[in-house]
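A quick write-up on the structure given underneath.
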Protein chains: 2
Amino acid sequence: MATTQDRQLVEQWRSIQNSYFRTAAAIDRALEAKFDIGLNEFEILDLVAESVDSACRMKALGERTPMTQSAVSKVVDRLEKAGLVSRVTCTDDRRSLYLELTDAGRALHSDAAVEHRALLKENLGE
Amino acid sequence: MATTQDRQLVEQWRSIQNSYFRTAAAIDRALEAKFDIGLNEFEILDLVAESVDSACRMKALGERTPMTQSAVSKVVDRLEKAGLVSRVTCTDDRRSLYLELTDAGRALHSDAAVEHRALLKENLGE
DNA sequence: TGTCATTGAATGACGTGTCATATAGATTGA
DNA sequence: TCAATCTATATGACACGTCATTCAATGACA
């Protein structure tokens with residue numbers, strides 16, 4: 001029994017999906033092309049860049065992103081391999097790690113962020 | 001130079017991401033558990049179910065979903081393997097295919113749709 | 001009619017996300 | 001202090017999406 005409310009919900013959902021995928025794809029392509037970095041990689045960089053405190057952060061990162069813990073771990077792998085970030089063990093809890101931007105990471109982030117914000121504006125705030 | 005407008009954009013984007021991922025994951029888990037079918041599979045079923053006309057539809061499907069053409073093709077593979085849908089060749093253009101729900105597909109869809117709408121309501125319309 | 005470009009769909013190689021699990025360090029309580 | 005348990009992260013198997021390519025059918029035009 002498809003009520004009109006059901007149809008509205010489905011419409012709303014599809015519209016969310018479309019705008020989400022369109023903007024995500026646009027940003028991903030642009031970052032990939034200009035900075036050789038994926039959207040998820042950038043988002044982690046972005047989170048690291050905005051954490052000025054030096055708390056143990058792998059864990060905290062997982063709470064600020066819809067990514068899985070293991071996804072975050074692998075994204076960080078790639079960032080580290082690319083020399084943009086480094087894992088530093090915490091002295092107060094040696095299970096934990098916190099992340100630091102390397103100089104290259106900081107440089108790339110500040111350029112990529114401009115692109116990122118511009119595309120968000122273009123896609124969200126039309 | 002992080003303007004406050006930039007921060008708002010980023011906030012807005014993260015909130016979209018979060019609500020998108022949370023609802024998608026909730027629906028996916030529920031459908032998987034109760035009907036052994038993923039979210040993308042359901043969405044294709046749903047599109048097929050709502051196309052009453054018998055136009056050649058693989059193509060049309062691609063236009064109604066953010067999925068790639070090849071993704072659609074593979075989702076349909078799975079639906080076909082599960083006996084929920086069948087591919088029928090078009091007589092007017094033999095490159096094209098249109099899709100039909102099998103009886104099992106129709107039955108599963110009508111049950112799953114109830115669950116789907118309920119979860120949308122729960123997650124979108126708070 | 002014969003060639004060339006185009007279109008609808010399928011496929012294989014590959015990257016990345018997820019789940020379940022492993023590992024090492026921390027904490028609790030007897 | 002020593003188990004038992006819990007917590008932070010890493011890892012391997014696997015599923016799925018994407019890109020590039022392929023194949024067959026169509027259309028266009030000489």
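By convention in this document, chain letters (A, B, ...) are assigned in the order of the sequence lines, proteins followed by strands, and residues within each chain are numbered from 1.
Think of the region where chain A sits on DNA chain D: with heavy atoms and a 4.0 Å cut, that region ends 5' and 3' at D:dT7 to D:dC19.
Take B:K74 and apply the salt bridge (charged side-chain N to carboxylate O under 4.0 Å, His left out) test, not counting sequence neighbours, and it matches no residue. Judged as a side chain to side chain contact (heavy atoms under 4.5 Å, CB included), and not counting sequence neighbours, the contacts of A:A104 are A:L84, A:T102. Here A:E100 pairs with nothing under the salt bridge (charged side-chain N to carboxylate O under 4.0 Å, His left out) rule; sequence neighbours left out. Every residue two or more places apart in sequence or in another chain that forms a side chain to side chain contact (heavy atoms under 4.5 Å, CB included) with B:A30 is listed here: B:E115, B:L119. Not counting sequence neighbours, the partners of A:T68 by the side chain to side chain contact (heavy atoms under 4.5 Å, CB included) test are A:S70, A:A71.
Residues B:L31 and B:I27 have side chains in contact (heavy-atom distance under 4.5 Å, counting atoms from C-beta outward). For the pair A:I37/A:L45, a side-chain contact is recorded, criterion being any heavy-atom separation below 4.5 Å from C-beta on. Within the 4.5 Å cutoff, side-chain heavy atoms of B:F42 are placed close to those of B:H116. For the pair A:M58/A:S96, no side-chain contact is recorded, criterion being any heavy-atom separation below 4.5 Å from C-beta on.
With hydrogens and angles disregarded, a donor-acceptor distance shorter than 3.5 Å links the side chain of A:S110 to the backbone of A:A107.
Contact annotation: B:S70 side-chain N/O to C:dA10 OP1/OP2 distance is not under 4.0 Å. The phosphate of C:dG8 (OP1 or OP2) has a side-chain N or O of B:K59 nearer than 4.0 angstrom.
Residue pairs that meet the salt bridge (Lys or Arg N to Asp or Glu O under 4.0 Å) test with at least one member in residues 75-94 of chain B, sequence neighbours left out, are B:E41-B:R78, B:D77-B:R87, B:E80-B:R87, B:D93-B:R95. The list of side chain to side chain donor-acceptor pair (under 3.5 Å) pairs with a residue in residues 15-30 of chain A, not counting sequence neighbours, reads A:Q17-B:E43. For residues 8-18 of chain A, the salt bridge (Lys or Arg N to Asp or Glu O under 4.0 Å) pairs, not counting sequence neighbours, are A:R14-B:D46, A:R14-B:E50.
Atom CG in B:L97 sits roughly 10 Å away from atom C1' in C:dA10 (whole-Å rounding). To the nearest angstrom, P of C:dT18 lies 14 Å from CD of B:E32. Rounded to whole angstrom, the span from the NZ atom of A:K81 across to the P atom of C:dT16 amounts to 10 Å. Atom-to-atom, CE of A:M67 to C1' of C:dG15 comes out at 15 Å; the value is rounded to the nearest Å.
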Contact pattern, 5' to 3', of nucleotides 21-26 of chain C - B, S or - by protein heavy atom under 4.0 Å: ----BS
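Along DNA chain C, the nucleotide nearest B:D77 and the nucleotide nearest A:R78 are compared for position; the residue whose nucleotide lies closer to the 5' end is B:D77.
In the model, B:K59 has no side-chain atom that pairs as donor or acceptor with a side-chain atom of B:Q69 under 3.5 Å.
Annotation: proximity of residues 13-26 of chain A to DNA chain D (heavy atom, distance under 4.0 Å) is found for no residue. Shown for residues 33-47 of chain B: no residue has heavy atoms falling under 4.0 angstrom of DNA chain C.
If you check every strand for non-hydrogen atoms under 4.0 Å, A:T68 touches sugar and phosphate atoms only.
Which of C:dA13, C:dG17, C:dC19 sits closest to the side chain of B:R29 comes down to C:dC19.
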